[in-house]
There are 2 protein chains.
Amino acid sequence: MYKRVLIIEDDAVLRTSIEQTLELQNLEPIPTNGFTQARRLIRSNFRGVILSDIQMPDHDGFDVLRFAQSCDPELPVVLLTGHSDVPTAMRAVRDGAYEYLEKPCDPQRMVDVLHRALAYRHLALENRAMREELDDTQPLDDIGTLAERLEVYEKQIIEQELSDAGGKVATAADRLGIPRNTLYDRMKKLRLVAKAFRR
Amino acid sequence: MYKRVLIIEDDAVLRTSIEQTLELQNLEPIPTNGFTQARRLIRSNFRGVILSDIQMPDHDGFDVLRFAQSCDPELPVVLLTGHSDVPTAMRAVRDGAYEYLEKPCDPQRMVDVLHRALAYRHLALENRAMREELDDTQPLDDIGTLAERLEVYEKQIIEQELSDAGGKVATAADRLGIPRNTLYDRMKKLRLVAKAFRR
DNA sequence: GCATTTTTCCCGAATTTTCGGACAAAACTT
DNA sequence: AAGTTTTGTCCGAAAATTCGGGAAAAATGC
């Protein structure tokens with residue numbers, strides 16, 4: 001499970017306090033003092049979540065939220081808010097923030113929320129990775145004759161074995177249980193050259 | 001995105017009120033008056049989340065939570081709690097509840113939380129489905145001669161086409177771009193019988 | 001630069017696969 | 001129940017693939 005929490009908080013005291021709380025709960029805080037510092041860490045494949053103060057001198061929590069959402073709509077942003085700003089925070093939640101926490105907040109509450117956000121993030125990225133893998137294997141349907149469809153697989157298998165053997169046709173043929181010459185025959189038909197697999 | 005929310009609430013007035021709130025937000029409430037009634041709807045592939053009162057005459061929210069978790073640890077359970085029970089609810093969250101809502105709660109807050117829970121649920125089930133699909137395509141490695149490995153794929157392709165054609169060998173052969181007799185030849189070699197694909 | 005390995009191609013025979021024709025049995029129309 | 005379609009099987013010739021031997025070209029090692 002993911003553990004990284006990108007903290008965006010200008011108040012050094014509060015930031016350190018949060019850091020300690022998270023460390024005690026076996027999370028990995030990444031402290032930053034504002035949007036500018038955090039910005040370069042926010043990307044679509046960030047394996048963690050964001051915990052940002054909503055009121056800050058240079059940029060506010062909404063800037064963080066907007067930027068994070070633009071990088072990845074499935075990157076959870078938890079907002080820290082003063083009591084007076086609760087209505088604002090609730091609106092932020094409707095705008096895509098994952099959750100808000102009222103300052104000062106119960107540490108246990110904070111880690112509960114962050115754990116949920118991390119679980120969500122984990123699922124979202126795992127999902128994305130699997131989707132990509134599936135896309136690779138999907139386009140093997142519908143069209144073409146049986147022999148044509150099989151050629152796709154044959155090509156994949158031979159490429160795999162050739163790649164494992166570092167382009168050595170002899171060993172690849174061995175692992176495939178066929179004579180060298182036969183593999184050359186197949187390679188010619190599939191327009192494969194051993195050179196492409198040298199390492 | 002999923003919309004179903006299984007409501008477990010003994011107070012008919014509150015239940016109806018929640019129902020209306022959810023319907024207005026384009027969600028699909030499934031009202032029940034208690035654990036007994038809800039139990040048969042809770043299963044590992046339930047495409048929605050649970051919203052349960054924590055204090056009820058027959059069984060309490062913990063029974064619901066325990067049962068739901070035993071069916072599926074990734075099935076979110078949101079608990080409704082009176083003000084005095086907040087500490088209990090927070091403990092429940094640590095025990096696996098997705099979130100708690102303090103009664104009487106802001107309707108907007110409720111739908112926000114439910115939406116998050118539904119999004120999580122959606123990801124969790126999608127994930128599971130993809131994992132199964134990937135497991136199917138995985139065992140295509142390492143062992144056997146080239147011809148043997150290809151036979152696995154050939155079998156899959158023919159099975160697929162035969163299944164689509166409802167066991168009609170002629171149409172399957174057509175879709176595969178080979179004569180009927182050839183398909184019979186292949187089927188014999190692969191020990192496939194058309195009967196198994198009739199519907 | 002020279003020896004050795006490896007790639008790549010060609011040949012031809014043995015084997016396998018393809019595919020059309022034919023046909024009995026089974027299944028379905030009407 | 002007769003007629004039509006579909007299934008499943010066998011045959012045999014044409015086509016494709018396999019595979020061992022061989023040999024030139026290219027790459028690699030020393």
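Residue numbers begin at 1 in each chain, while the letters A, B, ... track the order of the sequences.
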Kindly compute the distance separating NZ (B:Lys155) from NZ (B:Lys189), expressed to the nearest 0.5 Å.
13.0 Å
Point-to-point distance, once rounded to the nearest 0.5 Å, from CD of B:Glu154 to CE of B:Met187:
11.5 Å
How sharply is the helix from C:dG1-D:dC30 to C:dT30-D:dA1 bent, taking the axes over five pairs at either end and rounding to 10 degrees?
60°
Under a 4.0 Å heavy-atom criterion, DNA chain C is touched by chain B from C:dT17 to C:dG21
Which residue lies more 5' along DNA chain C, comparing A:Val169 with B:Glu151 via nearest heavy atoms:
A:Val169
When you measure from the side chain of [X] to the backbone N and O of [Y], does any donor-acceptor pair fall under 3.5 Å?
| X | Y | answer |
| --- | --- | --- |
| A:Asp10 | A:Gly34 | no |
| A:Arg180 | A:Ala170 | no |
| B:Thr182 | B:Ile178 | no |
| A:Glu148 | A:Thr145 | yes |

Going by atom type alone, with no hydrogens or angles, which donor-acceptor pairs under 3.5 Å involve a side-chain atom of residues 51-64 of chain B and a protein atom two or more places apart or on another chain?
unit_1  : atom_1 : unit_2   : atom_2 : d
B:Asp53 : OD1    : B:Gln55  : N      : 3.4
B:Asp53 : OD1    : B:Lys103 : NZ     : 3.2
B:Asp53 : OD2    : B:Lys103 : NZ     : 3.1
B:Gln55 : NE2    : B:Asp85  : OD2    : 2.8
B:Asp58 : OD2    : B:Thr36  : OG1    : 3.4
B:Asp60 : OD1    : B:Phe62  : N      : 3.1
B:Asp60 : OD1    : B:Asp63  : N      : 3.1
B:Asp63 : OD1    : B:Arg66  : NH2    : 2.8
B:Asp63 : OD2    : B:Asp60  : N      : 3.1

Would one find more than 12 heavy atoms of other residues, nucleotides or ligands at under 6.0 Å from atom CZ of A:Arg43?
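No, not enclosed.
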Is it true that B:Glu151 and B:Arg186 make a salt bridge, defined as a side-chain N closer than 4.0 Å to a carboxylate O?
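The answer is no: the pair does not qualify as a salt bridge.
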Which residues in residues 176-192 of chain A have a heavy atom closer than 4.0 Å to any atom of DNA chain C?
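Of all residues in residues 176-192 of chain A, the ones placing a heavy atom under 4.0 Å from DNA chain C are A:Asn181, A:Tyr184, A:Lys188.
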State whether B:Tyr98 and A:Arg116 meet the cation-pi test: NZ (Lys) or CZ (Arg) under 6.0 Å from the six-membered ring centroid, and within 45° of the perpendicular axis.
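So A:Arg116 does make the cation-pi contact.
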Testing the basics here: between A:Val77 and A:Ala68, what is the closest heavy-atom pair and its distance to 0.1 Å?
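In this case the closest contact between A:Val77 and A:Ala68 is CG2-CB, 3.6 Å.
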Please find the earliest and latest nucleotides of DNA chain D, in the 5' to 3' direction, that have an atom within less than 4.0 Å of any heavy atom of chain B.
D:dT7 to D:dC10
Kindly state each residue pair satisfying ring pair (Phe, Tyr, Trp, His ring centres under 6.0 Å) with at least one member in residues 173-192 of chain A, sequence neighbours excluded.
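Matches after skipping sequence neighbours: none remain.
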